[in-house]
Protein chains: 2
Amino acid sequence: MTKPDDPACTDHTPLAARGGPVSLALARVARLHRTAAGRRLRGLGLYPGQEFVMMHLWDKGPVRQSELIKAVDLDPSTVTKMLQRLEQSGHVTRSPDPRDRRAVLVEATDASCGLLEDVAGVWAALEEQTLAGLSELDRAEFVRLLGLVEGNLCTEAEDCPD
Amino acid sequence: MTKPDDPACTDHTPLAARGGPVSLALARVARLHRTAAGRRLRGLGLYPGQEFVMMHLWDKGPVRQSELIKAVDLDPSTVTKMLQRLEQSGHVTRSPDPRDRRAVLVEATDASCGLLEDVAGVWAALEEQTLAGLSELDRAEFVRLLGLVEGNLCTEAEDCPD
DNA sequence: AAGATTACCTTGGCCGACCAATTAATGGGT
DNA sequence: ACCCATTAATTGGTCGGCCAAGGTAATCTT
């Protein structure tokens, strides 16, 4: 099917993805990164994705759910369900907002605050693993390029609130 | 809580993530990228993730499920369920392997082959959106850095088959 | 040849993430 | 006052992804 001497044979990129090698690499790295985060987070009783919610709550204190949704930029229904589970597992409390009976105030529990350092540790360790062997300059380049790409992926979606 | 003049105040990075700014940016970009891919793929009747399976099948023809699992590097159960849905939607056929009664042979249907070009188009468009405004040099740097990071995230998981 | 081990796949359960549709409360316009 | 658009959350459904177990079938061992 494939000739051993053809130079293209050493490239395992699928034909349909030849036009987007970077996207392919990005997708692979993304999944690896999330999986690695998940493995580390599991020891703390958190599921991947919950970290971002908790981080925001630790920083900002009690906050409207709508504010949280904007901050993490997720679908409202996603956040609702996540918060239900985080409440169940004791990481979060939810209470109705007296000033707006539609809204819900979310707050990290005192117990969960003990996790802040652990999560910070996990996050730092993940960073170290991710960037191992990269020079300071490479790291700076990487964040710069990620920033550009992020901008590109936000626009055109016709709603990227700043 | 935060002083308006503190230079750190313009940085919205959560405290717990200060030790991993790159990981944070990578996570954001990853989700945006996947969402963008999903939006484009939906027009073709594919869900994000299925593309990779189909790409491999289009390239390699009938293939053992175990081979497919290794190729896309996903959990076997994930692939099983994905294939059940892909079969249901007519993109794939599955048949028992006569040479090994445990195994299953998977093949892209003729109908699905019409999607190859569309997926390639989607993938190229996604690439263009992702990398818009980046110079040839920046793009090369980005793939290089992604490669390094991928290597870092593979190792330590103690199984990264080449 | 019988038993232990390994390989291949499936099932069930859980979670993150999306969309579509709904309920409930607020606020603006006339 | 009233109606109506907007905003806040929720529910139900579907998928991709993981883990833990389980059930066959092939293979290795003794």
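So that the names make sense, note that chain A is the first sequence line, chain B the second, and so on, each numbered from 1.
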Q | Distance, rounded to the nearest Å, where L74(B) contributes CG and dC19(D) contributes C1' | A | 14 Å
Q.
Distance check needed: dG17(D) P versus R39(A) CZ, whole Å only.
A. 16 Å
Q) Between R42(A) and L86(B), who's closer to the 5' end of DNA chain D by nearest nucleotide? A) L86(B)
(Q) Any side-chain to backbone donor/acceptor pair from E87(A) onto R85(A)? Under 3.5 Å, distance only. (A) no
Q | Heavy-atom side-chain contact between W58(B) and L15(A) under 4.5 Å | A | no
Q) To the nearest angstrom, how far is D73(B) atom CG from dG17(D) atom C1'? A) 12 Å
Q: Provide, to the nearest angstrom, the distance between the CZ atom belonging to R31(B) and the C1' atom belonging to dG17(D).
A: 16 Å
Q | Side-chain donor/acceptor of E67(B) to backbone N/O of R64(B), under 3.5 Å | A | no
Q.
Is it the case that the side chain of R42(A) and the backbone of Y47(A) share a donor-acceptor pair, with hydrogens and angles ignored and the cut-off at 3.5 Å?
A. no
Q. What is the per-nucleotide protein-contact pattern of nucleotides 5-15 of chain D, from the 5' end, where B denotes a base atom under 4.0 Å from a protein heavy atom, S denotes such proximity for sugar-phosphate atoms only, and - denotes neither?
A. --BSSBBBB-S
Q.
Between V119(B) and M54(B), does the side-chain contact (heavy atoms from CB on, under 4.5 Å) criterion hold? Intermediate values first, please.
A. CA-CA 9 Å; V119(B) 169; M54(B) 294 311 299; over 6 Å; no
Q) How many Å lie between CG on L41(B) and P on dC18(C), as a whole number? A) 15 Å
(Q) Just the rounded figure in Å: distance from P of dG16(C) to CD of Q88(A). (A) 13 Å
Q: Assign each of T78(A) and P98(A) to its nearest nucleotide of DNA chain C by heavy atoms, then name whichever residue's nucleotide is nearer the 5' end.
A: T78(A)
Q) Taking atom P of dG16(C) as reference, at what distance in whole Å does atom CG of L46(A) sit? A) 10 Å
(Q) With a cut-off of less than 4.0 Å, is there a side-chain N or O of R34(B) near OP1 or OP2 of dG16(D)? (A) no
**Q.** S23(A) versus H33(B), side-chain donor and acceptor atoms under 3.5 Å
**A.** yes
